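When a residue number appears, it is its place in the shown sequence, counting from 1. No experiment lies behind these values; they were computed from the predicted model shown.
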Amino acid sequence: MTESIISAICNSCGCDNGQAQEYLDDETGNLRELRDLGDLRYSDMETACDNLGLERDYIAYFINALAS
């Protein structure tokens with residue numbers, strides 16, 4: 001699934017794979033920080049998708065990333 005999310009970010013942002021990975025890592029890191037503070041909400045994952053120009057179908061990716 002990581003390849004498809006990187007591709008979707010590239011398409012929405014007009015960036016290369018490396019930059020898309022950096023954007024994804026930043027958003028995932030922000031969500032982890034919120035989780036660790038006990039302040040993570042579903043709307044935060046919606047915002048991460050919006051920030052990356054992704055459909056909200058990718059929320060499942062973030063849920064899985066935070067679970068590991």
Side-chain angles (χ1 to χ4, degrees):
M1 180 180 237
T2 303
E3 288 300 316
S4 65
I5 196 169
I6 294 295
S7 178
I9 295 168
C10 288
N11 289 336
S12 68
C13 296
C15 59
D16 63 22
N17 286 358
Q19 189 68 47
Q21 184 66 57
E22 186 175 323
Y23 292 153
L24 180 59
D25 291 345
D26 288 345
E27 289 296 335
T28 304
N30 289 336
L31 293 172
R32 282 192 180 107
E33 286 179 27
L34 290 170
R35 179 198 62 197
D36 294 346
L37 292 170
D39 197 26
L40 180 64
R41 296 179 173 83
Y42 188 81
S43 62
D44 296 320
M45 289 179 270
E46 292 174 330
T47 300
C49 287
D50 293 344
N51 289 345
L52 295 170
L54 299 172
E55 296 293 325
R56 294 197 174 160
D57 296 342
Y58 286 99
I59 287 174
Y61 170 85
F62 291 110
I63 291 170
N64 290 329
L66 294 174
S68 53

**Prompt:** Among pairs that include at least one residue of residues 12-34, which meet salt bridge (charged side-chain N to carboxylate O under 4.0 Å, His left out), considering only residues two or more places apart or in two chains?
**Reply:**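 Sorted result for residues 12-34: empty, none.
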**Item:** Contact check, side chains of Y61 and L24, non-hydrogen atoms, under 4.5 Å
**Value:**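 They are in side-chain contact.
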**Item:** Pairwise distance CD(E55) to CD1(I5) - rounded to 0.5 angstrom
**Value:** 12.0 Å
Name the atoms and distances for all side-chain donor-acceptor pairs under 3.5 Å in residues 6-13, with sequence neighbours left out.
{"unit_1": "N11", "atom_1": "ND2", "unit_2": "S7", "atom_2": "O", "d": "3.3"}
{"unit_1": "S12", "atom_1": "OG", "unit_2": "A8", "atom_2": "O", "d": "3.3"}
{"unit_1": "S12", "atom_1": "OG", "unit_2": "I9", "atom_2": "O", "d": "3.2"}
{"unit_1": "S12", "atom_1": "OG", "unit_2": "L52", "atom_2": "O", "d": "2.8"}

Under 3.5 Å, sequence neighbours excluded: what are the donor-acceptor pairs made by side chains of residues 40-50?
{"unit_1": "R41", "atom_1": "NH1", "unit_2": "D39", "atom_2": "OD1", "d": "2.6"}
{"unit_1": "R41", "atom_1": "NH2", "unit_2": "D39", "atom_2": "OD1", "d": "3.3"}
{"unit_1": "D44", "atom_1": "OD2", "unit_2": "R41", "atom_2": "N", "d": "2.8"}
{"unit_1": "T47", "atom_1": "OG1", "unit_2": "S43", "atom_2": "O", "d": "2.9"}
{"unit_1": "D50", "atom_1": "OD1", "unit_2": "R56", "atom_2": "NE", "d": "3.4"}
{"unit_1": "D50", "atom_1": "OD1", "unit_2": "R56", "atom_2": "NH2", "d": "3.4"}
{"unit_1": "D50", "atom_1": "OD2", "unit_2": "R56", "atom_2": "NH2", "d": "2.7"}

